[in-house]
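Structure, as structure tokens:
Chain naming here is simple, since letters A, B, ... match the order of the sequence lines and numbering starts at 1 in each.
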2 protein chains.
Amino acid sequence: MARRVTLIDVARHAGVSRTTASYVLTGTGRVSTATRERVQASIETLGYVYNEGAASLRRKSRTIGVIVPKIDRPFFGEVLSGVESTFTASGYMALMVATRNRLDQQDRLLRMLREHQVAALVIIPATASDHELVDAIRSWDVPTVFLSRYVRGSTEPYVGSDEVRGGYLAADHLVRAHGCRSITYLGGPTRGIARADRLEGVHRALAESGSEVNLVDLISESTVEAGLRAGHELVGSGLPDGIICHNDSIAMGVARALYDTGRVGATRIIGYDDIVPAKVSVPSLTSVATGGQLLGETAARSVLAVISGAEPAVRSHLAEPRLIVRESCGDHVGGDAATS
Amino acid sequence: MARRVTLIDVARHAGVSRTTASYVLTGTGRVSTATRERVQASIETLGYVYNEGAASLRRKSRTIGVIVPKIDRPFFGEVLSGVESTFTASGYMALMVATRNRLDQQDRLLRMLREHQVAALVIIPATASDHELVDAIRSWDVPTVFLSRYVRGSTEPYVGSDEVRGGYLAADHLVRAHGCRSITYLGGPTRGIARADRLEGVHRALAESGSEVNLVDLISESTVEAGLRAGHELVGSGLPDGIICHNDSIAMGVARALYDTGRVGATRIIGYDDIVPAKVSVPSLTSVATGGQLLGETAARSVLAVISGAEPAVRSHLAEPRLIVRESCGDHVGGDAATS
DNA sequence: TTGTAAGCGTTATCAT
DNA sequence: ATGATAACGCTTACAA
């Protein structure tokens, strides 16, 4: 097996020094057009391949750590898609890892990423993350943006959507447009800050409405299956006028439970995240859209700006969520999902 | 800002040589317990962090390239989840990239991964990939496994499910269990090999059944929206007895179109991949389950074995798909999705 | 515009 | 069991 072709070989072949060869590679320094073309030709004929790893020993690496709780959750998939495309478009590559929402895994992965010398970090922290995580990252001193979830009490750079506003939009719609008098907030991690924020928004909407509304706070996992179970239980124990689900997966489960029990339309359901299949759920889901892909892009652009020195610190960014109204809250029953 | 702590610092602090320090780090070589503990203490007090990049300059790197068409497709999410967990559990990290099913992107990303010295490659090739891709990877000479899609005519190591068998299972069920006389295969990339293979299985099932079946081959994108459109068109032009969809997203779209037009149950629908929301679709989807997560794990384990020298070459593996029967093909109409 | 040479932080070979 | 020392392939002052 032939030895790897290195920059020295290229230089020798082109009759220049390593420096010059390096210059044409990186675009740095001044090189005459003639030399540049000669070097480029040599690169071509020798089949030279740049060694990013070796280069990273001198300058900053071009890999960025990306941490998410789960890789296969639809919403995270959208976010990751935005992150990845932004990075690779700029010549960076993402080391993606999943914590499965476990703090010990998160610590381990953080450590591994650090050992891999990532130039920056984009992290959707595990739900139970606290200040220890923030401190660990701070002491590491790498450009970091928290994405979609932030750590309670932390003021670290954060890109996400306005959860309070999202909760508000959902509750406001149920109360004002549909006159709901009893609302259940269903699902989401117990200790999660998003849950607390959305509930705050809900309370705000209820207060503004001035009407007496009975709000029930129900914990459940954030999966389709959990939503299905919860839906059946709610049918058994008495349905509220409206249900705000922590995400669309839960909402789809609930919707299906209503369908199973012949209670379609017996309550209004609002989901969260507006993932693709929400459109074709029966009924199609009214949902709070947060624009996962765009959030991912924004976060990625943000750390890239810092790395390249364009910005001194990562910028925080709070996106405005939108309420996508569909059948599940009663407005379009019998309507056509294709037109929504 | 303090200089990075290196192995030299550790060695000095512990009063040993770099070599010895390196030995305790990697577990290689013989080191007395006393020395080992002394070094470990120094690592602790100095806050030393291993530099994977520097190490990769000497030994093989511990990053592996993972290429998929789209990161946010439910099935790929499941696959990626399996790949990632297997890699990180073994101390490897995945550089994940998405080609968006475009060959130029795929070439570019391949190049980037190569420059990053990945130790191996796991790739779900873009649909239109041909022998040029195989040749490029071959000449690069890195342990590679093709995952979930293979390149026409190639005999490269491949981990996937038996597409022919999958098509067979679907068609056989429609014909034998339900006596369908007209079947439409809907969706999937025109030039895709999976499509061709599944259709072969369908034909085989039809031939075996001995009955006269009218098979229509309908192209469409593999999205919920496309399924929705196709469903409406089929309703307009006349529904076949059964529809085999290239994936569950299409199937959910079709199901919704039937619902919209009041034709639920008017034809039998079979999806593919058995993604989570298929369970709560209305009707819940009969689907060919391919076990995405497990496929991902298998592929990952396979390349890891090669890297560590346990196996001479990557092993191919063809998983047996299973038909998950639910309401959408008429067996359980009115049944309870929760029990499926 | 181009060349010289000193790192970057490991691993691995060969002595001792 | 431990230590010197030469790679690994690139970037970047500084010199010419």
Whole angstrom value for the distance that separates P of C:dG3 from CZ of A:Arg12: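 About 14 Å, once rounded to whole Å.
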
Integer-rounded Å distance: C:dC8 C1' and A:Lys60 NZ: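 My rounded result for the distance is 15 Å.
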
Out of curiosity, B:Ser90 OG to B:Arg301 CZ, how far, rounded to the nearest 0.5 Å?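 It is 9.0 Å, given to the nearest 0.5 Å.
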
Is it the case that more than 12 heavy atoms not belonging to B:Arg108 sit under 6.0 Å from its CZ atom?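 Counting other residues, nucleotides and ligands, CZ of B:Arg108 exceeds 12 neighbours.
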
OP1, OP2 of [N] versus side-chain N and O of [X]: anything below 4.0 Å?
X       : N     : answer
B:Ser17 : D:dG3 : yes
B:Thr35 : D:dT2 : yes
A:Thr20 : C:dG3 : yes
A:Ser32 : C:dT2 : yes

Going by side chain to side chain contact (heavy atoms under 4.5 Å, CB included), A:Leu113 matches just one of A:Thr63, A:Ile67, A:Val66, A:Ile64. Which one?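 For A:Leu113, the side chain to side chain contact (heavy atoms under 4.5 Å, CB included) check succeeds only for A:Ile67.
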
Polar-atom pairs under 3.5 Å, protein N or O versus N or O of nucleotides 14-16 of chain D: list them with distances, or write none.
none

base_contact_polar (C:dT10 base, B:Ser56 side chain, donor-acceptor, <3.5 Å):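 Side chain to base: no pair below 3.5 Å.
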
Work out how much the helix from C:dT1-D:dA16 to C:dT16-D:dA1 bends between its end axes, five pairs an end, to the nearest 10 degrees.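 End-to-end axis angle: 30°.
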
Anything under 3.5 Å between a protein N or O and an N or O of nucleotides 6-10 of chain D, put it in a table, one pair a line.
from: D:dA7; atom 1: N3; to: B:Arg58; atom 2: NH1; distance (Å): 2.8
from: D:dG9; atom 1: N2; to: A:Ala54; atom 2: O; distance (Å): 3.3
from: D:dC10; atom 1: OP1; to: A:Tyr48; atom 2: OH; distance (Å): 2.3
from: D:dC10; atom 1: OP2; to: A:Leu7; atom 2: N; distance (Å): 2.6

